[in-house]
Asks: 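Handing you a structure now.
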Amino acid sequence: AFDFIERKYGIKTEPGDKALSLADFSAKYDLPPSQIVFMEVQLHYRTRGVREIPAKDAARLVKSSLPPRLLDVRETWEMKITTLPGARPLTPQLLDEILNEWPKETAIIVFCHFGIRSMDAATFLVDRGFTQVSILKGGIDAWSIDVDPKIPRYQNAWC
């Protein structure tokens with residue numbers, strides 16, 4: 001159950017650890033406060049149907065013969081600064097179209113500034129049966145750094 005904590009923190013847990021309270025588990029391994037670990041446990045299981053895709057891999061897919069659909073879940077003011085070619089802003093109208101018309105197997109990459117909001121949106125789609133949903137790991141900021149430095153980086157958005 002804690003295999004992702006082993007991967008994330010490099011900790012080899014013991015069989016009896018599952019019986020520990022979250023506070024004791026956190027203290028035993030000198031992990032962040034227990035509520036943070038608890039949030040990570042929830043997020044791990046809640047988002048397991050969502051894949052993270054590095055910017056370079058996403059860029060290759062976007063140029064492929066069957067490109068994924070790009071959904072931009074940032075604020076309007078952020079989209080005025082920059083966006084990715086071919087991306088569509090996730091509006092209420094587009095969401096209605098997605099839920100009612102797109103096949104559940106549609107390849108979708110969701111992105112925001114750094115990846116937090118996109119995880120929420122991607123989890124929402126997975127919860128509704130979509131099977132090929134990814135988020136752009138590191139968001140448009142990672143795309144700017146790893147793929148296209150002409151995509152402006154910007155401040156004043158913390159997620």
Side-chain angles (χ1 to χ4, degrees), residues 3-11 26 30-159:
D3 59 330
F4 76 97
I5 290 177
E6 291 178 18
R7 286 190 305 272
K8 180 167 183 158
Y9 294 104
I11 293 170
S26 181
D30 194 29
L31 289 170
S34 59
Q35 67 268 27
I36 294 172
V37 175
F38 182 67
M39 287 181 354
E40 289 186 18
V41 169
Q42 286 184 320
L43 281 173
H44 172 75
Y45 290 105
R46 178 85 172 91
T47 61
R48 64 180 168 216
V50 177
R51 291 172 293 286
E52 289 184 301
I53 184 167
K56 288 182 180 181
D57 294 344
R60 280 192 289 278
L61 288 175
V62 167
K63 293 177 183 176
S64 71
S65 59
L66 292 171
R69 298 193 187 196
L70 292 175
L71 299 179
D72 189 339
V73 298
R74 295 172 306 134
E75 299 288 330
T76 304
W77 69 267
E78 294 174 277
M79 291 179 207
K80 287 179 182 177
I81 296 171
T82 191
T83 192
L84 298 180
R88 294 177 66 186
L90 186 59
T91 62
Q93 296 79 14
L94 179 56
L95 182 58
D96 187 56
E97 175 188 317
I98 292 167
L99 295 176
N100 293 304
E101 299 174 23
W102 290 17
K104 299 294 187 193
E105 304 78 31
T106 302
I108 301 169
I109 298 176
V110 184
F111 70 93
C112 62
H113 191 192
F114 292 116
I116 305 301
R117 293 172 285 178
S118 58
M119 184 60 81
D120 287 341
T123 301
F124 179 86
L125 293 171
V126 167
D127 285 349
R128 277 138 191 92
F130 286 85
T131 60
Q132 302 298 316
V133 182
S134 300
I135 66 161
L136 180 58
K137 185 176 184 179
I140 197 168
D141 197 62
W143 188 284
S144 177
I145 293 167
D146 297 335
V147 175
D148 185 359
K150 290 182 223 129
I151 299 286
R153 297 180 71 201
Y154 60 96
Q155 303 295 318
N156 302 326
W158 310 113
C159 56

Asks: Give the intermediate values and the outcome of side-chain contact (heavy atoms from CB on, under 4.5 Å) for residues His113 and Ile140.
Replies: CA-CA 5 Å; His113 191 192; Ile140 197 168; 4.3 Å; yes
Asks: Starting at CZ of Arg51, measure out to CD1 of Ile135 and round the result to the nearest 0.5 Å.
Replies: 11.5 Å
Asks: Could you tell me the separation between the CD atom of Gln132 and the CD1 atom of Ile109, rounded to the nearest 0.5 Å?
Replies: 11.0 Å
Asks: Where do Leu90 and Ile98 land on the side-chain contact (heavy atoms from CB on, under 4.5 Å) test, with the steps shown first?
Replies: CA-CA 10 Å; Leu90 186 59; Ile98 292 167; 3.7 Å; yes
Asks: Distance from Thr91 atom OG1 to Leu71 atom CG, nearest 0.5 Å?
Replies: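 One gets 9.5 Å once the value is rounded to the nearest 0.5 Å.
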Asks: Which heavy atom of Val110 sits nearest a heavy atom of Ile108, and at what distance?
Replies: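 Where Val110 meets Ile108 most closely, the heavy atoms are CG2-CG2, 3.8 Å.
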Asks: Could you give me the CA-CA distance, side-chain angles and deciding distance for Arg153 and Ile145, then say whether side-chain contact (heavy atoms from CB on, under 4.5 Å) is met?
Replies: CA-CA 8 Å; Arg153 297 180 71 201; Ile145 293 167; 3.6 Å; yes
Asks: In plain terms, say whether Arg117 and Asp120 are close enough for a salt bridge, that is, a side-chain N and a carboxylate O under 4.0 Å apart.
Replies: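 Salt bridge: no.
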Asks: In Å, rounded to the nearest 0.5 Å, how long is the span from CG of Asp146 to CG of Asp57?
Replies: 10.0 Å
Asks: Search all heavy atoms of Ser134 against all heavy atoms of Ile53 and return the closest pair with its distance.
Replies: CB-CG2, 4.0 Å
Asks: Which pair of non-hydrogen atoms, one from Leu99 and one from Phe124, has the smallest distance, and what is that distance?
Replies: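 Smallest interatomic distance, heavy atoms only, reads CD1-CE2, 4.2 Å.
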Asks: Quick one: closest heavy-atom pair of Glu75 and Glu78, and the distance?
Replies: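 Scanning both residues, the minimum pair turns out to be N-OE1, 2.8 Å.
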Asks: Looking only at non-hydrogen atoms, find the nearest pair between Lys104 and Gly129 and report the distance.
Replies: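 Heavy atoms only, the tightest pair is CB-O, 3.5 Å.
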Asks: Around atom NZ of Lys56, are there more than 12 heavy atoms from other residues, nucleotides or ligands closer than 6.0 Å?
Replies: no
Asks: Rounded to the nearest 0.5 Å, how far does CG of Leu61 lie from CG of Leu66?
Replies: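 The CG atom of Leu66 sits 10.0 Å away from the CG atom of Leu61.
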Asks: How far apart are the closest heavy atoms of Pro89 and Leu94, and which atoms are they?
Replies: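 Reported closest heavy-atom pair: O-CD2, 3.3 Å.
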Asks: Where the side chain of Arg74 meets the backbone of Thr82, is there a donor-acceptor pair that is under 3.5 Å apart?
Replies: yes
Asks: Are Phe111 and Asp72 packed together at the side-chain level, in the sense that at least one heavy-atom pair is separated by less than 4.5 angstrom?
Replies: yes
